[in-house]
Each structure stands twice: as C-alpha cells, then as structure tokens.
Amino acid sequence: WNFNIAKEIAKGGIAYKDISLITTPLFYYIAAIPLVCVNELIVYRVLEAVVITIMMFLVFKIFQKINKNDFVPYVLLSVMILLINQILALNYNFLLVLWVLLIINLEISEIDKNKNWYNLLIGFIAGISILTKQTIGSFIAVFTIILVVLDCNSKKDIKQNIKNIGFRIL
C-alpha cells in the first residue's frame, strides 16, 4: 500500500484530502519524488534499494567507529543484510531508522559538537524524524537534547550547552 499512496501523491493527490492516512505523509512525499518521473513499481524498488544501501553504509561506519577491529564491522554488516533481506519493504519505519542512524553517526563522529551548524543539523534531522513518525520522532528529538545535557562536564560548559540545545530546538 505504500507504493500506491506514493503513486497517488505523484499523480497530484493531497494527503488527508484525497488519500486517507493514519501517519504523517513525509515518507510518502519522499517516495513520490522519483515516481513523478516514472510512475512504475520498479522505481519504488530502486528507491528501496538506495535507502537500504545508505542504511547499511551508515551501520557499517558506526560499527567501524565503535570497533577498531577490521573484521567485526564486516561480520555485523553481513548479519544485518541477512536480517533485512527478509523484511525488505520500504516504509516510514525504515526512513525513521535512517534518520536515527544519521544522528548516531554524527554524534559519534569527530566533529566539534559546539559548532552551530552541527547542532542545527542534528535538530533538523530530529525534526524530520518527528515528521516521519510523530511518537518515536518526538522521543528522538528529546533524546538529542538529553545527549547535550549529559555531555555537560563543568559550569563553563553549561552556557555552551544551553546554546547547543537552543540550536537543536530551532
């Protein structure tokens, strides 16, 4: 049904008016972008493959950063591919996992976490996760703010962390 909803949006249908939805429509609008050009199921399947590939790449990079052993990330990635192969169907849950993986990858990277653009990017991705699935997305947004609070080491850090929280909320 996800393909059919994205197909209707690609044809010009409006969410909640022409199409009955119980979730937020962001996933369907993203899925409809390539369907505007070619309105076929194969295009949707290619989009699935692209999203899954990006997810697997992010999982691999996260495992690589966490574990310095070269062998373990490949084994874990192989297990993930075998597991995800059984449930390959793009939906808003996969998109939400993609946003979470992006946030995790940014949080464990070596980027200076006091940069304004970094906190805006984390806040933007957290906001998109709310637009993807309201309940879980809200938890993700709150969690990104809690991460800043937990990162506070001294009184000097409090002022910077309040600024970081402000940029994440924007």
Side-chain angles (χ1 to χ4, degrees), residues 1-10 12-37 43-44 46-63 65-66 80 84 87 89-153 157-170:
W1 78 87
N2 292 321
F3 168 72
N4 290 329
I5 294 171
K7 186 177 176 180
E8 287 301 315
I9 289 175
I14 299 170
Y16 305 119
K17 180 181 177 201
D18 302 325
I19 304 159
S20 177
L21 293 175
I22 58 170
T23 61
T24 56
L26 179 67
F27 163 75
Y28 303 110
Y29 280 107
I30 291 172
I33 292 170
L35 293 175
V36 170
C37 301
V43 175
Y44 187 78
V46 169
L47 179 65
E48 282 179 351
V50 168
V51 169
I52 299 294
T53 302
I54 293 170
M55 284 174 51
M56 291 299 112
F57 176 74
L58 289 171
V59 166
F60 178 75
K61 294 307 260 180
I62 291 167
F63 286 149
K65 288 176 185 174
I66 292 173
M80 291 283 298
I84 212 162
I87 54 169
L90 186 63
N91 58 29
Y92 56 85
N93 293 319
F94 275 93
L95 194 60
L96 190 65
V97 170
L98 178 67
W99 303 142
V100 170
L101 289 172
L102 278 170
I103 289 172
I104 291 171
N105 199 24
L106 286 168
E107 287 289 350
I108 65 173
S109 65
E110 299 297 323
I111 300 172
D112 179 15
K113 300 200 177 12
N114 291 327
K115 299 280 186 187
N116 293 341
W117 66 268
Y118 171 82
N119 289 298
L120 279 172
L121 181 61
I122 295 286
F124 178 75
I125 296 170
I128 287 177
S129 68
I130 292 172
L131 295 176
T132 304
K133 193 170 182 180
Q134 293 169 341
T135 53
I136 305 298
S138 299
F139 287 124
I140 292 167
V142 168
F143 183 71
T144 60
I145 293 170
I146 290 172
L147 283 175
V148 175
V149 172
L150 293 177
D151 194 33
C152 189
N153 296 327
D157 290 344
I158 292 175
K159 188 174 182 181
Q160 181 63 43
N161 283 349
I162 290 171
K163 181 180 172 187
N164 292 345
I165 289 171
F167 275 104
R168 287 187 182 203
I169 291 174
L170 282 178

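Numbers here are sequence positions counted from 1.
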Do the side chain of Y44 and the main chain of K7 share a donor and acceptor less than 3.5 angstrom apart? no

Would you compute the distance between atom CD1 of I5 and atom CG of L35 and round it to the nearest 0.5 angstrom? 12.5 Å

Over all atoms of both residues, closest heavy-atom pair of A31 and A6: CB-CB, 3.8 Å

Taking N105 for its side chain and L101 for its backbone only, find out whether a donor-acceptor pair lies under 3.5 Å. no

The side chain to side chain contact (heavy atoms under 4.5 Å, CB included) partner of L58 among V100, V97, L98, I104 is L98

Residues I122, Y118; criterion side chain to side chain contact (heavy atoms under 4.5 Å, CB included); working and verdict: CA-CA 6 Å; I122 295 286; Y118 171 82; 4.0 Å; yes

For L21 and P25, the nearest pair of non-hydrogen atoms, with its separation, is CD1-CB, 3.8 Å

side-chain contact (heavy atoms from CB on, under 4.5 Å) involving T23 - partner list, sequence neighbours excluded: Y28, Y92

Distance, nearest 0.5 Å, that separates CG of D18 from CD of E8: 8.5 Å

Could you name each residue pair satisfying side-chain hydrogen bond (donor to acceptor under 3.5 Å, both in side chains) that touches residues 125-138, not counting sequence neighbours? N93-K133, W99-T132

Distance check, rounded to the nearest 0.5 Å: I9 atom CD1 versus I33 atom CD1? 10.5 Å

What distance separates L26 CG from I130 CD1, expressed to the nearest 0.5 Å? 12.0 Å

Please tell me if the side chains of I125 and L106 come closer than 4.5 Å, counting only heavy atoms from C-beta onward. yes

Could you please spell out the steps behind the side chain to side chain contact (heavy atoms under 4.5 Å, CB included) verdict for F60 and M56? CA-CA 6 Å; F60 178 75; M56 291 299 112; over 6 Å; no

Could you tell me the separation between the CE atom of M55 and the CG atom of L102, rounded to the nearest 0.5 Å? 10.5 Å

Hey, could you give me the CG/CD1 distance between L95 and I30, rounded to the nearest 0.5 Å? 5.0 Å

